A.B. asks: 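Got a structure for you, written out below as structure tokens; questions coming shortly.
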Amino acid sequence: MGKIIFYEDRNFQGRSYECMSDCADMSSYLSRCHSCRVESGCFMVYDRPNYMGNQYFMRRGEYADYMNMFGWNNCIRSSRMIPMYRGSYRMRIYERENFGGHMHECMDDCDSFMDRYHMSHCMSCHVMDGHWLMYEHPHYRGRMMYFGPGEYRSFSNMGYGNMRFMSMRRITDSFY
């Protein structure tokens, strides 16, 4: 089970809200959130309600001033707990939307789609097993997005415009 504590102000000051599950809209608990502490588990946090907008992966630790750390202008508005997973990992990535273009099946981290698959970007995917993070630049840099098991036919229809992903990594038990 995961646990994250959100604080209204930087450096764990002001009112707080403890959360041990998904929270689609933090505004009913806090008017703002400028720091947090992950006591257990892993979470994705979002700068808009309903798990929308920029997202960032948080694991056990203290985030006294995450806005400067992540380069965000907005504070956390929603969060999703990532369930612990200990099985095998498998994902198919596609060059184009709707599972079009070149396809590659992945079972481990990939720091550059171009170097490994000669593929400049990824626009859709199918996660068969595990939980994954995809990044907009090689070597796990830039904006990120969380993917759990399921089909993701169009990243642009998910609110990412023409953002293209170029690297990915598994969320393994070492993160917990």
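For this chain, numbers begin at 1 and follow the sequence in order. Keep in mind it's a predicted model, so treat the numbers as computed, not measured.
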A.B. asks: Distance-only, no hydrogens or angles: does the S78 side chain make a donor-acceptor pair with backbone N or O of D25 under 3.5 Å?
C.D. replies: no

A.B. asks: Within the side chain of S154, is there an N or O that forms a donor-acceptor pair under 3.5 Å with the backbone of E97?
C.D. replies: no

A.B. asks: Return each pair, listed once, that meets salt bridge (charged side-chain N to carboxylate O under 4.0 Å, His left out) where at least one residue sits in residues 152-165; pairs must be two or more places apart or across chains.
C.D. replies: E151-R153

A.B. asks: Does R60 use its side chain to pair, donor to acceptor, with the backbone of E39 at less than 3.5 Å?
C.D. replies: yes

A.B. asks: Between S16 and E8, is there a side-chain donor-acceptor contact under 3.5 Å, judged purely by atom types and distance?
C.D. replies: no

A.B. asks: Indicate yes or no: at least one non-hydrogen side-chain atom of Y46 is less than 4.5 angstrom from one of M44.
C.D. replies: yes

A.B. asks: Do the ring planes of H102 and H104 sit parallel (below 30°), tilted (30 to 60°) or perpendicular (above 60°)?
C.D. replies: parallel

A.B. asks: If we only count heavy atoms from C-beta on, is the C122 to M134 side-chain gap below 4.5 Å?
C.D. replies: yes

A.B. asks: I need the S79 OG to Y56 OH distance, nearest 0.5 Å.
C.D. replies: 15.5 Å

A.B. asks: Does D115 have any salt bridge (Lys or Arg N to Asp or Glu O under 4.0 Å) partners at least two apart in sequence or in another chain, and if so, which?
C.D. replies: none

A.B. asks: How are the rings of F155 and F165 set relative to one another: parallel (under 30°), tilted (30 to 60°) or perpendicular (over 60°)?
C.D. replies: perpendicular

A.B. asks: Within a strict 4.5 Å, meaning less than it, do heavy atoms of the Y89 and T172 side chains meet?
C.D. replies: yes

A.B. asks: With a 3.5 Å distance limit and no angle check, can you tell me whether D173 reaches the backbone of R86 through a side-chain donor-acceptor pair?
C.D. replies: no

A.B. asks: Regarding Y7 and R37, is there a side-chain donor-to-acceptor distance under 3.5 Å anywhere?
C.D. replies: yes

A.B. asks: Please examine the side chains of M58 and I4, heavy atoms only from C-beta on, and report whether any two atoms are closer than 4.5 Å.
C.D. replies: yes

A.B. asks: Please name the pair of heavy atoms, one in G130 and one in V127, separated by the smallest distance, quoted to 0.1 Å.
C.D. replies: O-CG1, 3.4 Å

A.B. asks: With under 30° as parallel and over 60° as perpendicular, where do the rings of H131 and Y146 fit, or are they tilted in between?
C.D. replies: parallel

A.B. asks: Give me the ring orientation class for F147 and Y152: parallel if the planes are under 30° apart, tilted from 30 to 60°, perpendicular past 60°.
C.D. replies: perpendicular

A.B. asks: Would you call R116 and D108 a salt bridge, using N to O less than 4.0 angstrom?
C.D. replies: yes

A.B. asks: Could you check if a side-chain atom of M26 sits within less than 4.5 angstrom of a side-chain atom of R77, using non-hydrogen atoms only?
C.D. replies: no

A.B. asks: Is any side-chain heavy atom of W132 less than 4.5 Å from a side-chain heavy atom of I171?
C.D. replies: no

A.B. asks: A quick test of your reading: do over 12 heavy atoms of other residues, nucleotides or ligands sit less than 6.0 Å from OH of Y29?
C.D. replies: no

A.B. asks: What residues, two or more places apart in sequence or in another chain, satisfy side chain to side chain donor-acceptor pair (under 3.5 Å) together with N98?
C.D. replies: none

A.B. asks: Without swapping roles, check the side chain of D109 against the backbone of R170 for a donor-acceptor pair under 3.5 Å.
C.D. replies: yes

A.B. asks: Hey, does I76 have a side-chain heavy atom less than 4.5 Å from the side chain of C36?
C.D. replies: yes

A.B. asks: So does S88 get a backbone contact from the side chain of Y85, meaning a donor-acceptor N/O pair under 3.5 Å?
C.D. replies: yes

A.B. asks: Of all heavy-atom pairs between E136 and M166, which one has the smallest distance, and what is that distance?
C.D. replies: O-CG, 3.5 Å

A.B. asks: Without swapping roles, check the side chain of S167 against the backbone of C110 for a donor-acceptor pair under 3.5 Å.
C.D. replies: no

A.B. asks: Is there a side-chain contact between Y63 and V45 in this structure, where contact means two heavy atoms from C-beta onward sitting under 4.5 Å apart?
C.D. replies: no

A.B. asks: Using modelled atom types and a 3.5 Å cut-off, is there a donor and acceptor pairing between side-chain atoms of S35 and backbone atoms of F12?
C.D. replies: yes

